[in-house]
There are 2 protein chains.
Amino acid sequence: MENISGSGWILQENSFNPAALGKCEAIMCGGNGYMGLRAATEERYIGERRGLFVAGTFNRFLSDTEKDNEVSELPNAADFLEMEIKLDGQLFSLAQGTVKEYIRSLHFATGELKRQMHWVSPAGKEYRLDFHRVVSLGDLHTVAQKVCIQPLSGVAEITLSTGINAQMTNSGAQHFAEGPKRFYDRRYMQLVQTTTQSGIDFVLTTDVTLSREANTRIAMDRRRIFSVYDISLEPEEVLTIEKITTVHTSRDKKTEGLDTAALQAHALAHLKAQSALGYGEIARQSAEAWHQKVWGNIPVTLESTDPTDLLALRFAQYHLQIMAPAHDNRMNIGAKGLSGEGYKGHTFWDTEIFVLPYYIFTQPETALSLEEYRYLSLPGARKKAEGNGFSGAQFPWESAWLDDGEVTPLYGAADIVTGLPTPILTGLIEIHITCDVCYGVWQYYTATGDADFMARCGYELVFETANFWVSRLEPGPEGKLHINNVIGPDEYKDQIDDDAFTNHFARWNLWLAMAYRDALARENPALLEKLRPYVRYGAWEEKARDIYIPEPREDGIIPQNRTFLTLKEIDLTKYKNQTQVGSIYRDYNHEQIGEMQVIKQADVLLLILLKEEHFTPEVKRANWDYYEPRTLHDSSLSLSTHCILAADMGDEVLAYDLFKRACNIDMGPNMKSSDDGIHAGSIGGIWQCAVLGFGGLRLVGDKIRLAPALPKAWTRLQFYCWLKGQKIKINITHDTVQVENLTRTAPVEMEINGTTHVVADMLEIK
Amino acid sequence: MENISGSGWILQENSFNPAALGKCEAIMCGGNGYMGLRAATEERYIGERRGLFVAGTFNRFLSDTEKDNEVSELPNAADFLEMEIKLDGQLFSLAQGTVKEYIRSLHFATGELKRQMHWVSPAGKEYRLDFHRVVSLGDLHTVAQKVCIQPLSGVAEITLSTGINAQMTNSGAQHFAEGPKRFYDRRYMQLVQTTTQSGIDFVLTTDVTLSREANTRIAMDRRRIFSVYDISLEPEEVLTIEKITTVHTSRDKKTEGLDTAALQAHALAHLKAQSALGYGEIARQSAEAWHQKVWGNIPVTLESTDPTDLLALRFAQYHLQIMAPAHDNRMNIGAKGLSGEGYKGHTFWDTEIFVLPYYIFTQPETALSLEEYRYLSLPGARKKAEGNGFSGAQFPWESAWLDDGEVTPLYGAADIVTGLPTPILTGLIEIHITCDVCYGVWQYYTATGDADFMARCGYELVFETANFWVSRLEPGPEGKLHINNVIGPDEYKDQIDDDAFTNHFARWNLWLAMAYRDALARENPALLEKLRPYVRYGAWEEKARDIYIPEPREDGIIPQNRTFLTLKEIDLTKYKNQTQVGSIYRDYNHEQIGEMQVIKQADVLLLILLKEEHFTPEVKRANWDYYEPRTLHDSSLSLSTHCILAADMGDEVLAYDLFKRACNIDMGPNMKSSDDGIHAGSIGGIWQCAVLGFGGLRLVGDKIRLAPALPKAWTRLQFYCWLKGQKIKINITHDTVQVENLTRTAPVEMEINGTTHVVADMLEIK
């Protein structure tokens, strides 16, 4: 049995492995969209990376020096999970003594994390310890812990030390000033910490209750408040510890405007109410919320010869649920969700291309919130465009709080040639993010038909992104318009010209603006009049006509950019077989890699996937054959794209293999790759492989298409999706496709296996 | 054998004990006055507290919120000690596997720290590991490490990961912005970090060399630069790793004015030169410096039935040497030296009363530097006085960088009654620090006769402190002048009036100003003329005459303050027998303790010790009998005072017992009391017990007095002291006192056992 395994509803770790601490913290992360809580253990270990992240609470590390490389990031808030447990004088730690039994399990059905163990201390005394924890999906502010300790070798003296510890940092960057801390009634502990630059108050309040009388001491330290409990237990007596904690911040919409003291009072009252419920009831309410929101509502289910396939889908839905700040449209999804420090909580194109489809199809209200975030970011995007001498809206490559603007760091890992940090240019020139945002609007509207959103936000986003391209195009000597000096999806190529992906999408952005404007002229002239300041129809038309588009060569190959096909080729076998991504950087620096035909992730192939109506099957195949062997999949965003394309091309064996590899990015055996957090885009990709790939649900042109292609291992795939305001149940076997409109308030037009159908109620296609 | 023991030149830990990590880090701390490096291990453990502190590099944690409780403190700089060592795939850690042999030893003679062990991995493979380390006393910027690894179970694959890690904080407070980091020649690693508010650049540069070819990778992370080495070893082959590191800052006087890039270049060149020397030569040069500065120059030696007595003296001299920033008169000594975060690197009265005598008598040039620090702080002290509506100079209770002013934090530990942090009033009203500074000047001048210092600094310090008292005294209704609302040395009493210690010393401060002014009028009228702006003779005279002095009652008891003798008494047995200081705070809060006759530390008794000429032997005895039983010795500054007084009163059994207890404050069995750093004042106290107490060397009035009183266990005590510019060797047995003037350029007048002698060369008294 692998150390990390699972089936049904449970992902589990089968033995304690210090090397897997970071991985389990991330893949077993708890959360509810408001906060993400890494699955750090109650006891501490070297190598752990405790983390509590509250969506949208960005802060920039403060210093008076102007030389730093800091950008706004999601701060790592105080830790309250820690419990220092002394059993008969011995600090409890699985790194010492003997672990007789051990299972750590994440229960997707309820969101609970459990650890059950039988531990023999170095002195030979035996204990049973059970740890339970849930980040409530029923109450976004609440985390509940329950610990049961049973001595198996006679009486036991137990000392528990626990509280709230605000000494946590983001890899050393401290984002908080220490605020007030205090006890109430010698029982409730409360600690306030305030972000240093953005001034957001965090109020953490906690209550510890024990099943037995304890001798209790209260204590404070710098950035810490805690209590120490001494308890004597009879042989085999079970001590139950419940710790209920609430998290509030001054950024919370519900309590906006409260000053620190009022927020403290609110938090205390809320804690008292939650603590009165107790662990069991909090866990029950959370499980109920999971059922209502996900498992009893929009589950993906499948029958496969390999039960881990279904587990992977549940893993994906679990994480897609906990990473999305659906409660607040001023927030978006980070590239690592809320599961780690990686990418600083920033939002990338990952949202629009890799995770948005999930929400559009299953939780359109969450998708709407994510789209509204982009709309609320428009002022900043206009400012960025203006600052760079352009018109319209230029979206930041990395995005944090609404008015933070571009937050991409300027330097990365060591350059092995120069010995200096490698400059990061994505924030300056990876400009396809702007058409990706437009693509997000298009996807959302095409699937939902949400005219209200379009009127409030959508048209303006499409027009203003088009206006950016109008100003960004540069005339070449031959009369065509070019987009020079960019980075495409393949970030191994810096400062390139006429990137196929970017140019294609820029033209499409212009086209979409024209199409929407035409439709408005027909259907809603009053709204068009309101949007007039953003409408530059003549310019869109002219630029779309004159833009240079890298067309397929005679052999069908689309040049990834102006020079790519002329670059030298090297034997990539070593790197294709790598166990860790990015291994090529151990042999070459970024500049050298830029001069070879080696690709980080799907680039031309992603273009072909997203805009398939523009390319023939022959072009698709030729580019697949050319580019895949040159692609190292050094981005977690690469495999799912290749999986779906392989399914499209009928290579179901390869597609299934790529699906497995995509699932393994986080769930697989690599112990280190998820330390910084899960890969949100890749997790969206798992769902995409199943539903968009094997299920074949796709938006093409203006149509909704369904063209399933199940892998052999799967005998049934069933999922739910919202289309044009109707909830549709889709059930696929190798022989039939059942499509049922559950809402039935309006028929939905779909192309199913090449034929157009109107789904008004139940439909079965053989 | 105790787990921490020692004899001769070596203090050692006999088995690995995770509970003693912090203690050993502090008591085995390395340093050279420029920097202090806690004795953290190469491998990491839960509970460790790594720390590198460079004298005088104060910074205030930066935040935009005005609500924080931050003050300027000595920042914890980047760690370079860490070596992650994998032995055949297993992370080396003594918390796992079996430790067959283990000794950690600090060698006072050379300043080297060694760890030698035989380790069996959880997989049963055996290794011998030797760790050596020295913070060079020969080159203040250099730290050298040497590690030898020998596999005893066949061939071995070793992976070493090491570099510079700037993720360190002060209990969560990050004082540094991340600066440039880079490799040179794929070999030398350099990292710059800049304090966030004071803008001090730290440049750390390191070089790792191996005795065998390795496969090397270079790497960077946030706030980290490191290299990874893979090495294959033959059976029993010894791998030797040398790591040489240099530390420079933009506060260094020698390189003042260099910009960051120039300082980086300087640091690299310096590192290369040091690294070329290698571990052995660096250690040799350091040992030579230890010999020249301490052990071959000013050693205290003694013959005792208990060899740990001599060890304690060496322990004291070792720490007194490494804690003193003798190289820079803009810096002083922190209450924890440079050995931990405790007291934030701040300077207290501990300098003048508890450690200054050591330097005055053994290293007068260091004493001079410490005195000059106070002189350079005069502008700030004048500002503090002015800000509080007083004249003259009011010194801050806690002092950091010269212009930081008062840096005492405003809140401390939890109040068990209110649940809130306890307010700290010492920075506001513990005003006796101002006469303590004056006392330091007087001690220095009386022992050294350094007229140059007095002309440049000393008189001004004495006059301006006197002027503070002139303005601080308040008339009472009966016509006397009072000092109300203060804290005396006994900090368990807040906001009290007419504190005996403060009032006595204030009067003496005025008297001393008058005496110095009179002497100047006689001997140096020109200088007096220059100092005229500070001379307020009439006021001094008047105030000294009218100040209320708490005189002894009929029974000889001096009231500690106006109300002390009226406070209620409780049974203190429980707290007198405590194993940890401050245990009374678990039962009472600060306000309640303020209402009882319970004392933290020597108060009236300290007054009697420091100003013994003002009190009769009967008064001394009466106050001893009254106050000692009411004193909890909850300050590390208490025991040595009581020891010396006991010696004075002829109770040599008690004196010797108190000496032992004073030594145990850091060297003793309490595993937690030194976690935050050693107790500088207490360590000064160990030396004071021996030399001032049992040796009987004292400054009384204007005289130098020698009145030895060896405890029974000691058959010989020998030490060196500088008096009036002459180096004097003093050799004491129970029968004889030998005093030799080694310098012999001037005779020194001393009162020896009640008779005045002039020591011109060699003198022996039976």
Side-chain angles (χ1 to χ4, degrees), chain A residues 18-19 43-47 61-65 67-70 91 93 95-96 165-174 176-186 188 192 194-199 201 217-225 260 341 412-414 416 418-421 586, chain B residues 18-19 43-47 61-65 67-70 91 93 95-96 165-174 176-186 188 192 194-199 201 217-225 260 341 412-414 416 418-421 586:
Chain A
E43 69 281 10
R44 292 184 54 203
Y45 295 101
I46 291 298
F61 178 78
L62 206 63
S63 85
D64 274 350
T65 160
K67 285 175 281 185
D68 70 31
N69 183 27
E70 298 287 347
L91 193 66
S93 163
Q96 294 186 279
N165 176 5
Q167 296 184 358
M168 315 308 293
T169 65
N170 290 54
S171 294
Q174 178 56 265
F176 294 96
E178 187 179 11
K181 50 185 190 268
R182 66 166 300 180
F183 291 86
Y184 299 92
D185 309 335
R186 289 196 67 153
Y188 307 103
V192 181
T194 305
T195 58
T196 52
Q197 165 264 330
S198 53
D201 286 334
R217 254 181 304 133
I218 67 171
M220 287 179 196
D221 234 344
R222 191 171 188 184
R223 295 176 178 267
R224 277 182 75 207
I225 180 168
T260 308
E341 285 180 27
I416 60 151
T418 64
L420 292 162
R586 294 190 187 170
Chain B
E43 70 281 11
R44 294 183 53 204
Y45 295 100
I46 292 296
F61 178 77
L62 205 63
S63 84
D64 275 349
T65 160
K67 287 174 281 188
D68 70 30
N69 184 27
E70 298 287 347
L91 193 68
S93 163
Q96 294 185 281
N165 176 6
Q167 297 185 358
M168 314 309 292
T169 65
N170 291 52
S171 295
Q174 177 57 266
F176 294 97
E178 187 180 11
K181 51 184 191 265
R182 67 165 299 179
F183 291 87
Y184 299 92
D185 309 334
R186 288 197 65 152
Y188 307 104
V192 181
T194 305
T195 57
T196 52
Q197 165 264 331
S198 53
D201 285 334
R217 253 179 306 134
I218 66 171
M220 288 180 194
D221 235 345
R222 189 169 189 185
R223 295 176 177 266
R224 278 181 74 207
I225 181 168
T260 308
E341 284 180 28
I416 59 150
T418 65
L420 292 162
R586 295 191 185 169

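Chain A is the first sequence line, chain B the second, and so forth, proteins listed ahead of strands; every chain is numbered from 1.
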**Study point:** Heavy-atom contact with chain A under 4.5 Å, split by part of B:Ala177
**Key:** both

Check your understanding: Based on non-hydrogen pairs under 4.5 Å, which of A:Arg186, A:Met168, A:Glu43, A:Gln197 is most in contact with chain B?
Key -> A:Arg186

Check your understanding: Just checking, A:Arg223 and B:Phe61: is the charged tip under 6.0 Å from the six-membered ring centre and within 45° of the axis?
Key -> yes

Study note, to complete from the structure: Cut-off 4.5 Å, heavy atoms of chain B, and the answer for A:Ser198 is neither

Point to revise | Under 4.5 Å from a heavy atom of chain A, the part of B:Arg586 involved | key: side chain

Check your understanding: With A:Ser93, which residues qualify under side chain to side chain donor-acceptor pair (under 3.5 Å), at least two apart?
Key -> none

Review point. Which bit of B:Thr169 is near chain A, if near means a heavy-atom gap under 4.5 Å: side chain, backbone, both or neither?
Key: side chain

**Study point:** Contact origin within B:Glu70 toward chain A - heavy atom pairs under 4.5 Å
**Key:** side chain

Point to revise | Nearest atoms (heavy-atom pairs only) where B:Gln167 meets A:Ser171 | key: CG-O, 3.1 Å

Practice item. Could you pull out the closest heavy-atom pair between B:Ala95 and A:Gln96, with the gap in Å? Key: O-CG, 3.3 Å

Point to revise | Portion of A:Asn170 that has a non-hydrogen atom of chain B nearer than 4.5 angstrom | key: both

Exercise for review: Would you mind telling me which of A:Glu178, A:Lys181, A:Arg217 has the largest number of heavy-atom pairs within less than 4.5 Å of chain B?
Suggested key: A:Arg217

Review point. Which bit of A:Tyr45 is near chain B, if near means a heavy-atom gap under 4.5 Å: side chain, backbone, both or neither?
Key: backbone

Practice item. Examine distances only and state if a side-chain atom of A:Gln174 and a backbone atom of B:Gly172 form a donor-acceptor pair shorter than 3.5 Å. Key: yes

Check your understanding: What part of A:Ala173 lies closer than 4.5 angstrom to a heavy atom of chain B: side chain, backbone, both or neither?
Key -> both

Review point. Going from CG on A:Leu420 to OH on B:Tyr184, what distance comes out if it is rounded to the nearest 0.5 angstrom?
Key: 8.0 Å

**Study point:** Max heavy-atom pair count under 4.5 Å with chain A, selected residue of B:Arg222, B:Arg44, B:Arg182
**Key:** B:Arg222

Practice item. Run the numbers on A:Thr196 and B:Leu62 for side-chain contact (heavy atoms from CB on, under 4.5 Å), then give the verdict. Key: CA-CA 7 Å; A:Thr196 52; B:Leu62 205 63; over 6 Å; no

